[in-house]
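Whatever order the structure lists them in is the order used to number ligands and atoms, beginning at 1. In what follows, every heavy atom counts, from backbone to side chain, and hydrogens, waters and symmetry copies are set aside.
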Amino acid sequence: MPFFDAHNHVHLAGDGPRLSGMLGRARQAGVSRMACNSVEQKDWPLVADLSRRHPSVHACFGIHPWYAKTAAGEWLRELESRLLATPSCLGEIGLDRAVEGADLPRQERVFSLQADLAERLGRPMMLHCVRAWDLMMARLRRAPPGRPFLLHAYSGPAELVPELAGLGAFFSFGGDAADPGRIKLRKALAAVPVDRLLFETDAPPEEDGCADWYAEPAGVVRVVDLAAKVLGRRPEELAREAWRNGEALLRGLV
Ligand SMILES: [Zn+2]
C-alpha cells in the first residue's frame, strides 16, 4: 500500500549517502510520495533537482517564516519561475509568533506575497502556523474558497477545523498525537474530516543525530499506525484515505 509523507525537508539531509539512505528506506517502506519543503531561497535549486531525479519527491518552493529575513533581491521573481518550471507547491510558508525574535510584520509581508502568488498560479500552499491564527484566518478568509492547502503539523484548536475545511484545508499530523498528554492536539486530530486527513514526518529533525523514530520519511508508516490507535481506526484504511487525500491536495500536479 502506498504512503504519502505530506511534509518533510529531506533536502536538508544533503545530497549524499544520508539522503539516498533515507529515500531507499522510504521506498522499501512503501512511502512512494513525499512533499519536500524548502525553507529558504538557497534550498530551491536542490529541491528542484531532487524532484527531477526522484519521482517520489514532490517539490515545494518558498520561504519559511523563520527565514523571512533572508528574503532579498529578486526572490519573488525567482520563486515564480521555479514554480512555473516544476509542477510544485508553495512551501513551507506561513506565520510564527512563537519563534525567538519573531519579526511579525516582516513575516506577514513575505507570507502575503507568497500567498498572492499561490493564488495567482493556482498552486497549493504548505502552511506553517504557530500562535498566529488570527492573522492566518484573516488571510485565508480573503482567498477564493475551496482551493486546497495544507496546514502542516496542525496546532490550532479543534473548533477551527470545520471553518478551515470549508476554506479548502487539509490537515497533517506527526507522531505527537500518540502522547496521551497532548489533549488539544488529539481533539483536533479527531475533529478532522476523513477526506482531509494527512500524515507527516517533518524529517529530518533539526538537530543532527536526534534519534526520533520518525526522523525520516519511512517513519510515516508508524505515524499512521499511532494515529489509527488514537482514532480507533484500522491503519490500512487510514493510509488508503490519506493517499487519496494527498492526490486531492496535489490535484493536477502529480
Ligand atoms: Zn516543516
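Side-chain atoms of Arg186 come within 3.5 Å of backbone N or O of Ala178 as a donor-acceptor pair.
Here Arg139 pairs with Asp116 in a salt bridge; the nearest charged N to carboxylate O distance falls below 4.0 Å.
For the Zn ion (ligand 1), the set of nearby N, O or S atoms under 2.8 Å includes one belonging to His7. Among the atoms of His128, none of the N, O or S atoms falls under 2.8 Å from the Zn ion (ligand 1).
Screening Leu198, Val220, Leu127, Asp202 against His7 for a side-chain contact (heavy atoms from CB on, under 4.5 Å) leaves a single residue, Asp202.
The N, O or S atom of Glu92 with the smallest distance to the Zn ion (ligand 1) is OE1.
Using cut-offs of 30° and 60° for the angle between ring planes, the His152 and His9 rings count as perpendicular.
Our summary of the site lists the angle at the Zn ion (ligand 1) between OD1 of Asp202 and NE2 of His9 as 80°, to the nearest 10 degrees.
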